[in-house]
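Okay, so here's the structure we're looking at.
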Amino acid sequence: MDETVAEYIRRTVLKIPRDEIKTMLQKWGFLSEAQLQTINFHQLKDNISQDVVQLCEENSADIKQAAVLDIIYNYIYPNKRVWSVYQMNKTGEETDFFDLTDFKKKIKRRLRSALKNVTVTFREYEDNAVWIRIAWGTPYTKPNQYKTSYVVYHSQTPYVFISASVLKSNLPLLCQALVVASNYHDIREMELRSHSLNSLKDIVFKRYSQNFQTYYPKPLQERDIAPETDLRIIQENKNEKERIERVNREIFGDGPQPKLEFAQYKLETMFKSDPKMDVLDKKEPFRCLVKFSSPHLLESLKSLAPAGMADAPLSPLLTCIPQKARNYFKIREKKGLFPGSFVSP
Amino acid sequence: RGKMEEGKAYSLNGVFAHLEMLEARAHEAAVKQEETEQQEEKVARLKARVQELRLQRDELRAKVELQEKGQLGKRGVTSDPAQPSAQAVLEWKIKSIKATLQVFYLTGISGKLTKRGVCFCISTAYEGTYLDSYCLDLLIKPEVRIHRHSVPVFIPLEQIAKKYLQTDIRRFLSVLSDHLNAYAGRRYQADQLQEHFSDQIEGTLQRNSLCNLLVFNYNVSSKSKTFPFKVRLLYGDLCCSLPTEVVVSCPPDPPASLAETAAAHSDLFRRTALHKAFRSFSSADES
């Protein structure tokens, strides 16, 4: 077995939390159950990984199998990477019969014809998602297994989730391969990025809770109304509180919000000051960047008004994030009757 | 000795003829059943249409009566508007929309008026099993457009909206409902197959988001030997939950009976739901 492969497997196993190593190796399926029984999973991780490499040596593992283990790790822990969303367009109206075998063949062919040194690995999952792992090389060097790009694609959808490696130069080639293999015409990067792959999927696939008013019977959810503990306490602002709750529910819905870590607003608006003060000689847009960061941005925005820290309803610039499927905005001066700002498409 | 051989050949022909006749009968029976089902569906649709038309007729009658009353009043009273009051028109509009919504509810499409438009909910079902529902929030001013929705992204919603939304809302909803119901039906069949007949399937069932292409291998047992069959089901019509193209291939150099079985299966997949087809295989094996 190649030394580089052995080292790669060893480092991959070291990344896995100790309690999960056995399950992940079982999912991998490269080592037999009998072989797994011989490993002591309670020893130091260093030793566990050495044992695993030893067994892989016995089975003559090559880079292809090692790549599969890496995909499995990234599938279970996708939030360690930053994912961007790309949108594809097509003009034709023909029905697409997505053939997985055909798709894989086309991607491989495209990538390999442009770059001889590239490792491409696929893995399909139950929810019609295809995971693609690509290790890039150059015409003169072997693929660097530690600088990989990941692509997640759900068949017959126009969205691709890409976690590019540091090597951004290979991105155009990857995008082209994806467009051709999935029968689309072009692809562009959306202004939507996050660590949470599932939340990105929730936003573009519209899987997050939207409150629709319909006659369709929904099970009534018992809302926990905190009982009045002390009758001597009178809520003076009860109406306002209820109004805020209602408005919040209308905007954010009842269910959990998709998880985003930040929203960024690039302002190119005019600085409005007292003309007498004359802060700026030239009438130029005052450029500034506003970035909201949070472990869970949308949930924190949802809790702002009930906590009394902001008025309800919140600015639509903040609440439009899931519906517009973007968390990077450019705000320019609105040219017209009303001096205000408008969000660029 | 020659006569004995002749006799054997004659009885073989008789058996084949008998089998042919049974096959033909079975085919006829299946065709008849399909016809009756189609007939029933047609009757149900026509009944809904009759209801719709009756409601329209009642509304028009009411409108005519209102007009007539206005006309009669005119002779006696000096000032009487020839046209019904704005209030009456509004009431009539509300009544008409309510009636339309009632009719749509019967067809699995329900709607509710919202502040800025209408919110429709399309429910899907397949052969008596209720499946998911999908909602659309429509705005009606300045023109009809979709504000937000929960339709899966692989359903060609924009295409359907471009064709029908501005001109014929009913047709838009009907076509969208057909797409969603057919998708739900195809997905249900594939899920049922994986859930209940996984022992007959070799390897993985290759499918896609729309469930309009299924490729898999399954085992067919004949004379206590199992043969791997490969099947490719293509659902060319997105509004249909049965495949338009079926290719069943058996291993090379198959015995004659196996080729016939492949043809029979191909035919069955074209006409029956996937899990029902597999259920009939199991019962055929037992018999």
Identify which part of B/Leu238 has an atom lying under 4.5 Å from any heavy atom of chain A, answering side chain, backbone, both or neither.
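When you check distances to chain A, only side chain atoms of B/Leu238 fall under 4.5 Å.
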Check each atom of B/Leu205 against the heavy atoms of chain A and say whether the ones under 4.5 Å are side chain, backbone, both or neither.
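For B/Leu205, neither part sits under 4.5 Å from chain A.
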Would you say [X] has more than 12 foreign heavy atoms packed within less than 6.0 Å of its [atom1]?
X: A/Lys106; atom1: NZ; answer: yes
X: B/Lys163; atom1: NZ; answer: no
X: A/Asn198; atom1: CG; answer: yes
X: A/Lys302; atom1: NZ; answer: yes
X: A/Arg243; atom1: CZ; answer: yes
X: B/Arg54; atom1: CZ; answer: no
X: B/Lys47; atom1: NZ; answer: no

Nearest heavy atoms of [X] and [Y], plus distance in Å:
X: B/Arg148; Y: A/Gln323; value: CB-NE2, 4.4 Å
X: A/Gln156; Y: B/Leu210; value: OE1-N, 2.7 Å
X: B/Ser209; Y: A/Ser155; value: OG-O, 2.6 Å
X: A/Phe97; Y: B/Leu213; value: O-CD2, 4.2 Å

Structural part of A/Tyr208 lying under 4.5 Å from a heavy atom of chain B
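Neither part; nothing is under 4.5 Å.
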For chain A, the option from B/Asn208, B/Ile155, B/Thr114 that forms the most heavy-atom pairs under 4.5 Å
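Max contact count across the listed options: B/Asn208.
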Distance, nearest 0.5 Å, that separates [atom1] of [X] from [atom2] of [Y]:
X: A/Glu93; Y: B/Glu158; atom1: CD; atom2: CD; value: 10.5 Å
X: B/Thr204; Y: A/Glu126; atom1: OG1; atom2: CD; value: 9.5 Å
X: B/Asn212; Y: A/Asp96; atom1: CG; atom2: CG; value: 7.5 Å

With a 4.5 Å heavy-atom cut-off, do B/Arg232 and A/Asp99 have their side chains touching?
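They are in contact (side-chain heavy atoms under 4.5 Å apart), so the answer is yes.
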For residues A/Val204 and B/Val153, determine if any side-chain heavy atom of one lies less than 4.5 Å from a side-chain heavy atom of the other.
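They are not in side-chain contact.
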